[in-house]
Each structure stands twice: as structure tokens, then as C-alpha cells.
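To start, the structure under review is shown below, and the notes come after it.
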Amino acid sequence: QLRPEICGSKDSWTRFQYTMIGNSKSKPQYAGRMLNDIAREEGKDPYDIQCDLLRDDRLGTGAIFHTMSEEDVERVMQWPRAMVGTDGQYAPGTAGGHPRSFATFPRVLGRYVREKKVITLENAIRKMCSLPAMVYNLPTKGLIREGMDADLVLFDPATIGDQADFANPMEKNEGLDYVFVGGQIAVKDGICTGAKAGSQLRLRSEPSTGTTSRIHGREDLDTVLPYFGKETKAALAEFQKEHDLYASGEAGDMTKAVL
């Protein structure tokens, strides 16, 4: 019954051609493999395999979708208001996952700063530290200054880089020497010390308005568009046709979701 809603007008092989299994408790051997490859090997329909996985993993299967454009990544990274972050998650007790769970920041510093020179080192640090602290109103984070939280990372710009891939998503990063959290050494010579000095961060309201920072409406969307590739521009252009969303103020949330 769900097949038409999931596959639409496409056959299942086309629908799942970009789907990789991130992690699975019931089938850990599938981690880091494309769903269609697994289906061909086992002589099954990829739709049936994904249904079996979701059932056996009690909806806890992790998936990775290879649909991003490198051109878009570089364009958006150069946008002054773009920040560096990750939605990668670690699933204890499972094999596999996405390399971004542990390697996002070293990848930016190694690949996009040192190797491809998409942005400068100083700009990358700003996008990782002070800009997010400002946007999310975290007044004790993001800068090295007296009175700020002593959250520091000591790395070598000449060697910092990621080693993780989809087959080995938890591979150790290079050039990362020390990490201080709350003034305590959490990583020494690239090895975790076991110190747990972190604390939960809560979103604060802006003192002047009582609201949280976000991207608002058509003006900001028009500013974003030049930094995307053709396919993403076309998708975002569809949002512009929904004038009622902009009038109601809901476009800010939609734009944030796209970014």
C-alpha cells in the first residue's frame, strides 16, 4: 500500500539509486553500501529490502542520500552568513554512519580551506565559532577572550584533515592535537582523555526583541539564491511562487530548512 506513496511514478531502482545504508542493528554488514547494490546481490527489490530493514530495526535504520552538489556546497560556504555545522549522529551499538558525524570541521579546514581555497582559514574559524555564537546568542562562546568559556581546539593548519569515509565513518582525524572543554583537556595528542566537562546549551532570546535569530522572508531568500547551483535555484524558485507563505511570515522557517 505504501509503495505508490514512496516510489511515486518511479520504479524502485530509480527511486533508491542514491540511497546508502548508514547503519542498521539487524544488518550491520549493510553499513556503507548502496541499497540497489545490496538488492542486486540478493536478487530482491530495493523497496522490499528497505521495508524489511525498517521493520527489523524498528524504524531505527540510518540512511545516507547522495544527492548533494559540490558546486552548491562551495557556493553556500562562501556566503558571508553561512555557518559550519553538522547534523551527523552517532548510533551506539551499530556499525556505520556518516563521516560528517566526526569529520565535518577537519574536512572544511583541510579540503575547503587548505586544498581548494574556497574560503580563508580566518573566515572558516569565524563560521565555526564566533558567527554561530552570535546567531544563537551564546555570549560566552566563540571567541578567545578573558571571561569567555575556555573551549579551545589546537590543530595544525598544514595537516588538519578528515580520514573518515562511508566505509569507515569513525576514522580518526589528522592534525588535531588538543581539545579543551571548559578549561579541561578532553583530547591530548589526538587521544580522548575521558574528561567530560561539557554542559547543555540552551537557546537564548535576543535581549532587544525577545526573539531568536533566523532568516526571514523574500529579502533574505533573494540574497541566498546567487550562491546555489542551477538545480537548487529551480527548487527554491518554487518557494517564491507561494506568496501566501511570505505574507504569513512562514517562509523564514522554510528557508532555514533548505539551508
Side-chain angles (χ1 to χ4, degrees), residues 1-73 76 85-104 107 164-170 214-215 217 221 224-225 228-259:
Q1 293 178 345
L2 290 175
R3 183 186 286 263
E5 296 187 32
I6 294 176
C7 296
S9 60
K10 302 177 181 179
D11 62 80
S12 59
W13 295 95
T14 302
R15 173 63 179 83
F16 295 107
Q17 63 181 318
Y18 301 118
T19 302
M20 173 183 282
I21 303 302
N23 55 70
S24 168
K25 287 188 175 181
S26 65
K27 293 288 192 299
Q29 67 272 25
Y30 287 175
R33 298 189 60 195
M34 300 301 292
L35 180 58
N36 281 5
D37 291 341
I38 298 171
R40 291 190 187 93
E41 184 179 286
E42 299 190 1
K44 297 180 179 179
D45 188 301
Y47 172 83
D48 293 331
I49 289 183
Q50 66 95 23
C51 287
D52 291 343
L53 282 173
L54 290 171
R55 178 198 62 207
D56 296 342
D57 291 338
R58 300 181 64 84
L59 304 182
T61 311
I64 299 167
F65 305 98
H66 292 267
T67 57
M68 293 182 67
S69 163
E70 181 72 4
E71 178 189 19
D72 283 348
V73 171
V76 174
T86 177
D87 63 352
Q89 299 177 346
Y90 170 58
T94 64
H98 199 294
R100 68 164 61 106
S101 298
F102 298 95
T104 292
R107 183 171 184 82
D165 55 27
F166 294 103
N168 300 286
M170 291 181 283
R214 67 173 186 175
I215 295 172
L221 185 56
V224 172
L225 281 175
F228 286 98
K230 293 181 180 179
E231 293 183 2
T232 309
K233 284 181 180 179
L236 286 172
E238 293 298 319
F239 287 115
Q240 292 187 338
K241 298 178 182 178
E242 304 294 336
H243 299 295
D244 291 342
L245 289 174
Y246 292 103
S248 66
E250 296 180 12
D253 288 334
M254 291 184 67
T255 311
K256 181 177 179 181
V258 171
L259 291 176

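This structure is a prediction, so every number in the text was calculated from the model and none was measured.
Heavy atoms only, all atoms of each residue included: Gln17 and Met34 are closest at O-CE, 3.4 Å. Minimum interatomic distance between Thr61 and Ile21 (heavy atoms only, all atoms of both residues): CG2-CG2, 4.4 Å. Taking both residues in full, the closest heavy atoms of Leu53 and Ser24 are given as CD2-OG, 3.6 Å, listed atom of the first, atom of the second, then distance. Pairing each heavy atom of Arg100 with each of Thr86, the nearest pair is O-OG1, 3.0 Å.
Under a 3.5 Å cut-off, the side chain of Ser26 and the backbone N or O of Asp56 do not form any donor-acceptor pair. The main-chain N or O of Ile38 is never found under 3.5 Å from a side-chain atom of Glu41 such that the two would form a donor-acceptor pair.
One distance of note links CG of Asn36 with OG1 of Thr14; it measures 8.5 Å at 0.5 Å rounding. Distance check: Met68 CE to Tyr18 OH gives 14.5 Å after rounding to the nearest 0.5 Å. Atoms CG and CZ, on Leu35 and Arg40 in that order, are 10.0 Å from each other to the nearest 0.5 Å.
Using a 4.5 Å heavy-atom threshold, the side chains of Ile6 and Gln50 count as touching. Between Trp13 and Pro46, the closest side-chain pair of non-hydrogen atoms falls below 4.5 Å. Within the 4.5 Å cutoff, the side chain of Lys25 has heavy atoms near those of the Asp57 side chain.
Taking Cys7 as the reference, Arg3, Ser12, Arg15, Phe16, Tyr47 meet the side chain to side chain contact (heavy atoms under 4.5 Å, CB included) condition, with sequence neighbours excluded.
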